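A short write-up of the structure that comes next.
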Amino acid sequence: MARLKIFLIFIAALIPFVGVRAQTILTPYVEMSGSVPAGGSQTFTFSAQSGAVVSLIAQAESPELDPILSLSDQAGRPLYSNDDYAYPDSPDALLEAVTLPRTETYTVTVTGFEGSAGDYALTLLPGYGNPLTIEDFSGSDWDSPDDAQATRSSNILSMSVEGVRATGTAQNTDVAAPANFMAQVDVIEVTNPSGWTAGITARRQGNSYYLYEISAQGLWRFSRYADGTATVLRDWTGHPSILAGEPTFTLGFMANGVGFDFFYNTAYVGSANDATLTEGGTVGLSIGTTSSLTSTTTAQFDNLVITTPVEVNGARLIPNEIPLAEGTGLVMALKRQNLIAPDGVMSLTLPESSVQFARPGINRLMLGRGTNYTNFALGGTVNMQGGTPSGDVGCGIVFRFTDETHYTLAYIDQRGGYGISERDGEDFLPGLYGTREGLGQGQHHLLIIADDNTLYFYIDRQYVGTVDDPPREGQVGIAVVNFEALNTSCSYTNLWLWEWD
């Protein structure tokens with residue numbers, strides 16, 4: 001984290017806060033200094049568009065402070081929270097690559113664990129939580145490998161290109177991004193009376209790269225260039241957030257494996273998948289002409305910010321909370337947080353289902369008409385009703401089912417317990433078990449992620465544990481889990497399954 005702190009101090013020196021108003025409003029990639037009083041809190045706000053992806057990090061500057069970071073919407077509803085994302089190595093709190101559900105003002109609250117107090121630094125970043133670079137075009141050299149002209153002046157990169165449907169690019173070859181990253185840039189002004197394009201290039205190696213661009217007509221496009229030859233992956237598409245003819249805007253490009261998300265003024269406008277260029281490379285900028293007659297497009301760029309995913313001991317960060325979303329909305333958020341593969345498919349959706357049982361044991365209702373799944377995310381809401389509120393009964397999800405005595409069960413029970421256990425013959429093998437406040441009769445959200453050798457379990461959107469489990473094909477289903485003879489009903493709504501290779 002030392003590299004991150006040095007970087008943020010550098011940014012704070014570049015863009016200082018002024019005035020009282022700036023003390024409560026967060027500005028992207030600008031470090032805010034704060035101090036939490038004993039037993040107290042501090043709050044900050046920022047505005048964002050629907051579908052924006054941001055990270056927030058609170059770094060303790062006082063050894064006695066253990067910061068807790070919370071994010072809520074304009075109505076005060078809690079969305080995400082985090083205490084120690086890298087415990088026990090660091091007390092810092094991080095909300096990484098969280099997807100914001102609406103266009104509105106959000107509130108960030110910093111408190112101290114168990115009333116601890118002290119100084120901290122709070123930063124809002126686009127995309128991921130690790131800032132690779134911020135390019136203010138004050139000192140680095142940018143070159144154009146094609147016909148564009150690129151010059152730096154007053155911390156602005158100016159570009160121009162001339163021709164008929166010409167595309168010009170510029171890049172800083174000293175800064176290479178890994179395969180997974182988020183890039184955001186401010187387009188200060190782009191002009192061409194005959195029509196223009198402006199965009200971001202990514203994963204560039206030589207003359208091969210990806211290009212996300214916006215046109216003067218208010219459309220977006222995604223293309224792949226392989227040794228200079230263009231292939232359109234998503235042709236010109238409109239979106240309500242893109243303003244036709246607007247010369248000033250912000251572009252965002254998020255790459256995660258074979259999946260790509262695109263943003264305009266931080267609003268999410270579309271996605272695409274492609275598995276051709278999988279390695280990291282330089283991130284650059286692009287402008288173009290669209291007229292059938294020779295014309296010139298000029299543009300000025302500022303504040304190119306590149307962020308990358310935070311890792312803990314060389315492994316991906318597992319968020320302790322998932323968003324308030326269902327189906328495709330939750331899948332989108334989980335992909336951005338690197339919890340599920342971006343190139344999967346929604347293989348199962350089931351609005352309503354139920355299972356009831358009165359004897360001790362596990363009564364199952366298999367789903368998917370016998371289809372086997374290996375790597376998947378399966379989520380939904382269960383309404384648990386037992387014979388008595390204190391009965392030793394529960395509801396669960398069955399997966400990797402091959403026969404009556406070989407499957408894995410994830411469950412919750414009325415007494416506040418939860419677990420994951422694999423049945424092998426007549427025995428249930430030790431797996432995961434714990435207790436949690438709030439479990440019992442009523443509605444609860446369950447999410448199981450089976451990814452290669454690991455199972456992740458979320459209950460009511462909170463991470464409760466991980467189990468090592470070799471990948472196996474099997475069916476999925478829902479179940480009543482009775483530890484005693486009571487009439488138990490488990491009703492499931494909005495069940496869905498996202499699978500990948």
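Bear in mind that the values here come from a model prediction, so they are computed numbers and not experimental data.
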Could you check whether the rings of W220 and Y212 sit parallel, tilted or perpendicular, using 30° and 60° as the cut-offs?
perpendicular
Kindly compute the distance separating CG (D227) from CD (Q205), expressed to the nearest 0.5 Å.
11.0 Å
Only counting residues at least two apart or in another chain, list the ones meeting ring pair (Phe, Tyr, Trp, His ring centres under 6.0 Å) with W496.
none
Quick one: do the D501 and N375 side chains pair a donor with an acceptor below 3.5 Å?
no
Please confirm whether Y128 and F181 have ring centers closer than 6.0 angstrom.
no
Counting only N and O atoms by type, is there a donor-acceptor contact under 3.5 Å from the side chain of H239 to the main-chain atoms of Y268?
yes
Using only atom types and a distance under 3.5 Å, with no angle test, would you say the side chain of S291 pairs donor to acceptor with the backbone of L293?
yes
Any chance you could lay out the side-chain contact (heavy atoms from CB on, under 4.5 Å) test for F263 and V53, step after step, and finish with the verdict?
CA-CA 9 Å; F263 303 86; V53 181; 3.8 Å; yes
My understanding is that only one of I200, I306, D302 makes a side-chain contact (heavy atoms from CB on, under 4.5 Å) with V185; could you say which?
I200
If you define the side chain from C-beta out and look only at heavy atoms, does anything of T109 sit under 4.5 Å from T111?
yes
Ring pair (Phe, Tyr, Trp, His ring centres under 6.0 Å) involving Y373 - partner list, sequence neighbours excluded:
none
S72: side chain to side chain contact (heavy atoms under 4.5 Å, CB included) partners, not counting sequence neighbours:
T107
Quick check: closest heavy atoms across P342 and N256, and the distance to 0.1 Å?
CG-O, 3.2 Å
Side-chain touch T289/S194, heavy atoms, less than 4.5 angstrom
no
T105 side chain vs Q74 backbone, donor-acceptor pair below 3.5 Å:
no
Parallel, tilted or perpendicular: rings of F253 and F262 (30°, 60°)
perpendicular
Donor-acceptor pair, distance only, cut-off 3.5 Å: does the side chain of D186 make one with the backbone of I188?
no
Keeping the roles fixed (side chain from D460, backbone from Q462), state whether a donor-acceptor pair exists under 3.5 Å.
no
When every non-hydrogen atom of P178 is compared with those of L132, the smallest separation belongs to CD-CD2, 4.3 Å
Between N303 and Y29, is a side-chain contact (heavy atoms from CB on, under 4.5 Å) present by the stated rule, with each step listed?
CA-CA 10 Å; N303 298 327; Y29 52 83; 3.1 Å; yes
Indicate yes or no: at least one non-hydrogen side-chain atom of L124 is less than 4.5 angstrom from one of F44.
no
Please report the C-alpha distance between Y120 and Q42 in whole Å, then the side-chain angles of each, then the deciding distance to 0.1 Å, and finally whether the side chain to side chain donor-acceptor pair (under 3.5 Å) criterion is met.
CA-CA 11 Å; Y120 64 90; Q42 282 193 322; 2.5 Å; yes
Could you grab the distance from atom CG of D469 to atom CG of D452, nearest 0.5 Å is fine?
11.5 Å
Y85 side chain near V310 side chain, heavy-atom distance below 4.5 Å
yes
Is S215 reaching over with its side chain to a backbone N or O of T197, donor-acceptor style, under 3.5 angstrom?
no
Is a side-chain donor or acceptor of R461 paired with a backbone partner of P323 at a separation under 3.5 angstrom?
yes
E321 side chain to S81 side chain, donor-acceptor N/O pair below 3.5 angstrom
yes
Quick one about E135 and W142 (side-chain donor to acceptor, distance below 3.5 Å, no hydrogens or angles considered), yes or no?
yes
Please test R203 against D274 for salt bridge (charged side-chain N to carboxylate O under 4.0 Å, His left out), starting from the C-alpha separation and ending with a verdict.
CA-CA 12 Å; R203 293 184 182 172; D274 186 71; over 6 Å; no
Determine whether L100 and L71 make a side-chain contact, defined as any pair of heavy atoms from C-beta on separated by less than 4.5 Å.
yes
Could you measure the distance from the CZ atom of F301 to the CG atom of L285? Nearest 0.5 Å is fine.
5.0 Å
Any pair counted as salt bridge (Lys or Arg N to Asp or Glu O under 4.0 Å), so long as it reaches residues 96-109, sequence neighbours left out:
D73-R102, R102-E104
4.5 Å side-chain heavy-atom contact, F260 and L233:
no
Pairing donors with acceptors under 3.5 angstrom, does anything connect the side chains of S158 and T151?
no
Can any side-chain N or O of T282 pair as donor or acceptor with the backbone N or O of T173 at less than 3.5 Å?
no
What closest approach, in Å, do P101 and L79 show between heavy atoms, and which atom pair accounts for it?
CD-CD1, 4.2 Å
Taking S62 for the side chain and D119 for the main chain, is one N or O donor matched with an acceptor at less than 3.5 Å?
yes
Could you work out, with ring pair (Phe, Tyr, Trp, His ring centres under 6.0 Å) as the rule, every residue matching Y80, not counting sequence neighbours?
none
Nearest non-hydrogen partners of N453 and P470, listed with the distance:
OD1-CA, 3.6 Å
When you compare the side chain of M332 with that of L334, does any pair of heavy atoms fall below 4.5 Å?
no
Can you see which heavy atom on M182 is nearest to which on M254, and at what distance?
SD-CB, 3.6 Å
How about F249 and Y264: are their ring centres within less than 6.0 Å of each other?
yes
Say you draw a straight line from CD of Q217 to CD1 of I242; how long is it, rounded to the nearest 0.5 Å?
11.5 Å
Step by step, would you call S347 with T371 a side-chain contact (heavy atoms from CB on, under 4.5 Å)?
CA-CA 10 Å; S347 295; T371 303; over 6 Å; no
Counting only N and O atoms by type, is there a donor-acceptor contact under 3.5 Å from the side chain of T45 to the main-chain atoms of Y106?
no
Output, in order, the C-alpha distance, side-chain angles, deciding distance and verdict of side chain to side chain donor-acceptor pair (under 3.5 Å) for T308 and N130.
CA-CA 5 Å; T308 60; N130 179 44; 2.9 Å; yes
Looking at P131 and L125, what are the two nearest heavy atoms and their distance?
CD-CD1, 4.0 Å
Are the side chains of D451 and W500 in touch, meaning some heavy atoms are under 4.5 Å apart?
yes
Do other residues, nucleotides or ligands put more than 12 heavy atoms under 6.0 Å from D89 CG?
yes
What pairs meet the salt bridge (Lys or Arg N to Asp or Glu O under 4.0 Å) rule with one or both residues in residues 336-348, with sequence neighbours excluded?
D261-R336
Value rounded to 0.5 Å, distance of CZ in F46 from OG1 in T266:
9.5 Å
Would you say the side chains of Y209 and Q171 form a donor-acceptor pair under 3.5 Å?
no
Could you state the interatomic distance from OG1 (T349) to CD (E326), rounded to the nearest 0.5 Å?
12.5 Å
Regarding T169 and D146, is there a side-chain donor-to-acceptor distance under 3.5 Å anywhere?
yes
Set out, in order, the CA-CA distance, both residues' side-chain angles and the distance that settles side-chain contact (heavy atoms from CB on, under 4.5 Å) for D83 and D66, then state yes or no.
CA-CA 8 Å; D83 180 9; D66 183 359; 3.1 Å; yes
